[in-house]
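Structure first, then comments.
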Amino acid sequence: MKRLLLVGAALALVATTNVQAGPREDIVALLMAEASAEDAAFAGFSGERGQILFSSNFNTGKPETPSCTSCHSTSPQNMGETRAGKPIEPIAVSKTPERFTDPEKVEKWFRRNCRSVIGRECTALEKGDFITYMMSQ
Amino acid sequence: MRIIFVLAAAAVGGILAVTTAFGGDDNVPPISDAVVQEECSACHFAFQPAFLPAESWSKMMGGLEDHFGEDASLSETVRDNIEAYLVANAGRGNVDPQNPPLRITELRWFKSEHSEREAQRMMERLDVKSLLSCGACHQGAERGIYDDD
């Protein structure tokens, strides 16, 4: 029950503070609800934690991709490149406004890339932190 | 091997006009399925199915969780549809069904068509980092046209 209340509170918080409603905000709101359900002490997403996530060398996933920066370059504002040589548009929302607006794509790429880089799927907290960081970039 | 691909092109093309359009030595039918094109080109050039035999595509699509060192997993429905398309349009060739080739760049015909010295010179000249960027040198690559070398 406490957890349910927290989820409700998180959603209410989103509803009241999100002036800019849109598909990205909806994705973040769902992640907030998930993060609250995962951890009762959840107190919001953090762009700073997202930045750490983006730039860390995990070395726990596939050896070819120790970090997000292996393909996305060291700055979210810059173009990246896949290992097969294909350019990747910047993941900073300011540079590529359609980033994190398609729930299916978001789900697919977090699943693939978290498994490749970290060796496991990401938590809702990690996903929310990551998107929050990219929204500030 | 080249002959096999031309035959495959003819078989898939079906009518004379199409086989003539792909009549060059090194041409293959282009990908005609939008989902295959989109998903396979997300990280690399979308290689036409005629470049590998059916056994290779099945093995590859059965191991997307470790696709040449990356997780390229798909939803089951999308995965199944893509495998069916690749298998239906695959090239022909006798391969060990237990251990079919997965890397196009390691096939004998590919190596002989891209001799190391020549390929390296082209890649340096055009600043191409990967042999998988077919379109960097073959301008008609997406349309299956590779006879421009």
Side-chain angles (χ1 to χ4, degrees), chain A residues 27 30 53-54 56-74 76 78-91 95-96 98-123 126-127 130 134, chain B residues 31 34-48 51-52 60-82 102-106 110 114 119-120 122-139 141-142:
Chain A
I27 291 171
L30 279 172
L53 187 70
F54 175 73
S56 292
N57 267 309
F58 287 92
N59 296 311
T60 48
K62 299 188 192 303
E64 291 86 353
T65 53
S67 167
C68 305
T69 60
S70 305
C71 296
H72 288 288
S73 89
T74 50
N78 292 344
M79 293 286 294
E81 190 180 59
T82 70
R83 289 170 49 237
K86 206 176 152 130
I88 306 175
E89 295 300 318
I91 31 178
K95 297 278 175 182
T96 315
E98 62 270 27
R99 285 287 185 199
F100 313 108
T101 56
D102 177 338
E104 276 181 34
K105 273 195 182 173
V106 169
E107 155 66 23
K108 178 171 88 174
W109 288 101
F110 270 127
R111 182 187 70 237
R112 288 175 161 187
N113 293 351
C114 291
R115 283 186 192 163
S116 291
V117 172
I118 313 182
R120 59 164 172 81
E121 301 218 11
C122 283
T123 61
E126 287 168 329
K127 293 178 195 173
F130 191 89
M134 293 312 162
Chain B
I31 293 173
V35 175
V36 172
Q37 178 64 35
E38 190 191 332
E39 292 296 345
C40 299
S41 69
C43 302
H44 54 70
F45 174 79
F47 310 103
Q48 286 85 4
F51 281 128
L52 286 172
M60 196 174 302
M61 294 304 291
L64 288 180
E65 289 71 21
D66 189 0
H67 186 65
F68 303 102
E70 272 175 62
D71 188 304
S73 55
L74 290 163
S75 75
E76 209 177 316
T77 317
V78 174
R79 195 214 70 86
D80 290 351
N81 289 344
I82 293 177
L102 295 180
R103 289 180 189 271
I104 296 167
T105 51
E106 285 176 5
F110 184 95
H114 304 82
Q120 217 150 43
M122 277 292 272
M123 285 167 73
E124 266 169 41
R125 186 156 66 84
L126 298 171
D127 194 26
V128 183
K129 292 180 195 90
S130 167
L131 261 182
L132 306 183
S133 307
C134 304
C137 299
H138 300 287
Q139 297 194 343
E142 272 200 36

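Labels below follow one simple rule: chain letters A, B, ... track the order of the sequence lines, proteins then strands, and each chain is numbered from 1.
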Using non-hydrogen atoms only, which part of Leu131(B) is less than 4.5 Å away from chain A: side chain, backbone, both, or neither? neither
Would the number of heavy atoms belonging to other residues, nucleotides or ligands and lying under 6.0 Å from CD of Glu64(A) be above 12? yes
Any salt bridge between Asp71(B) and Arg112(A), counting N to O under 4.0 Å? no
Can you tell whether the side chains of Glu39(B) and Lys108(A) come within less than 4.0 Å, N to carboxylate O? yes
Can you say whether Ala42(B) sits under 4.5 Å from chain A via the side chain, the backbone, both, or neither, judging by heavy atoms? both
Full working for side chain to side chain donor-acceptor pair (under 3.5 Å) between Ser73(B) and Arg111(A): CA-CA 8 Å; Ser73(B) 55; Arg111(A) 182 187 70 237; 2.9 Å; yes
For Glu81(A), I'd like to know if atom CD has over 12 heavy atoms of other residues, nucleotides or ligands within 6.0 Å. yes
How many angstroms lie between atom OG1 of Thr65(A) and atom CD of Glu70(B), to the nearest 0.5 angstrom? 5.5 Å
Rounded to the nearest 0.5 Å, what separation is found between the NZ atom of Lys86(A) and the OG atom of Ser41(B)? 4.0 Å
His44(B)/Arg83(A) under side-chain contact (heavy atoms from CB on, under 4.5 Å): CA gap, chis, key distance, verdict: CA-CA 8 Å; His44(B) 54 70; Arg83(A) 289 170 49 237; over 6 Å; no
Per-residue contacts, residues 66-73 of chain A versus chain B, heavy atoms under 4.5 Å: none
Chain B contact via Glu107(A) - side chain, backbone, both or neither, heavy atoms under 4.5 Å: neither
Which atom pair, heavy atoms only, marks the closest approach of Ser133(B) to Gly85(A)? OG-O, 4.1 Å
